Amino acid sequence: MTKRNYWLVKSEPSAYSFADLMKEPNRTAYWDGVRNFQARNNLRAMKVGDGVLFYHSQSDPNAVVGIAVVAREAYPDHTAWDPKSEHPDPKSTRDRPVWFMVDIRGEAELKRPVPLAEIKATPTLKHMMLVKAGRLSVQPVTETEWKTILRMGGMEKA
DNA sequence: GCCAACGTTGGC
DNA sequence: GCCAACGTTGGC
């Protein structure tokens with residue numbers, strides 16, 4: 001078995017919250033709309049079973065609120081070639097897709113959200129990409145960061 | 001609502 | 001290929 005990797009995805013809860021994910025059939029949704037190359041490359045590096053931290057941005061407070069798992073590896077984001085979607089991109093076509101998405105399945109809400117302010121104040125977390133590259137919507141997380149956040153979030157086993 | 005950071009676009 | 005202008009994101 002290859003090593004499990006960890007990621008963090010951001011969403012504005014007013015657009016799509018962790019609670020919304022947990023209400024989906026099988027708690028599973030496709031993660032569409034990523035229109036940034038670095039974020040896309042991270043999406044394409046995800047493997048089924050990888051851990052995903054779900055972060056609420058533009059929120060009060062901004063915080064990691066839940067954990068999810070990659071349920072399907074990257075496949076073309078069909079919303080890119082749908083002119084009626086929220087993020088159409090004429091450069092992406094069925095034949096030559098530019099943008100991709102994965103499926104993620106919600107696993108558990110953190111017993112206690114881990115706010116950005118605490119992440120910044122925690123020595124082992126203050127180098128997270130979340131802090132340094134705040135705008136990147138899909139980013140890698142180290143195993144240490146994953147375990148630390150789960151512990152701070154009140155999740156025993158991790 | 002403001003502003004900083006930063007990715008993208010387009011003129012040259 | 002450079003770089004200024006512009007748009008978007010996201011923290012505060």
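The figures here come from the full heavy-atom set of this structure, side chains too, leaving out hydrogens, waters and symmetry mates. Quick caveat, the model's predicted, so the values are computed rather than measured. Below, chains carry the letters A, B, ... as their sequence lines are ordered, and counting in each starts from 1.
- Although no hydrogens or angles enter the test, the distance criterion places a donor-acceptor pair under 3.5 Å between the side chain of A:Q139 and the main chain of A:L130.
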- Message: Checking A:S92 against A:R35 for the side-chain hydrogen bond (donor to acceptor under 3.5 Å, both in side chains) test, could you report, in this order, the C-alpha distance in whole Å, the side-chain angles of both residues, the deciding distance, and whether it holds?
- Response: CA-CA 11 Å; A:S92 190; A:R35 299 290 182 268; over 6 Å; no

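- With contacts defined as side-chain heavy-atom distances shorter than 4.5 Å, the pair A:R105/A:E24 does not qualify.
- Residues A:M155 and A:L110 meet the side-chain proximity criterion, which asks for heavy atoms closer than 4.5 Å.
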- Message: Between A:Y30 and A:D77, is the side-chain hydrogen bond (donor to acceptor under 3.5 Å, both in side chains) condition met? List the steps.
- Response: CA-CA 9 Å; A:Y30 54 77; A:D77 181 345; over 6 Å; no

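- No donor-acceptor pair closer than 3.5 Å links the side chain of A:R94 to the backbone N or O of A:W81.
- The list of salt bridge (Lys or Arg N to Asp or Glu O under 4.0 Å) pairs with a residue in residues 107-136 of chain A, not counting sequence neighbours, reads A:R112-A:E118.
- Within residues 57-68 of chain A, the residues approaching DNA chain C are A:S57, A:Q58, A:N62, by heavy-atom distance under 4.0 Å.
- For DNA chain B, the contact window with chain A, defined by any atom under 4.0 Å from a protein heavy atom, covers B:dA5 to B:dT9 in 5' to 3' order.
- A:D20 and A:S17 share a donor-acceptor pair across their side chains, judged by distance under 3.5 Å alone.
- Counting Ile, Leu, Val, Met, Phe, Trp and Tyr side chains that sit under 4.5 Å apart, directly or through other members, A:W7 shares a hydrophobic cluster with A:V9, A:Y16, A:F18, A:L21, A:M22, A:W31, A:V34, A:L43, A:M46, A:V52, A:F54, A:V65, A:V70, A:V102, A:I104, A:V138.
- Residues that satisfy the ring pair (Phe, Tyr, Trp, His ring centres under 6.0 Å) test with A:F37, not counting sequence neighbours, are A:W99.
- Rounded to 10°, the angle separating the first-five-pair axis and the last-five-pair axis of the helix from B:dG1-C:dC12 to B:dC12-C:dG1 equals 10°.
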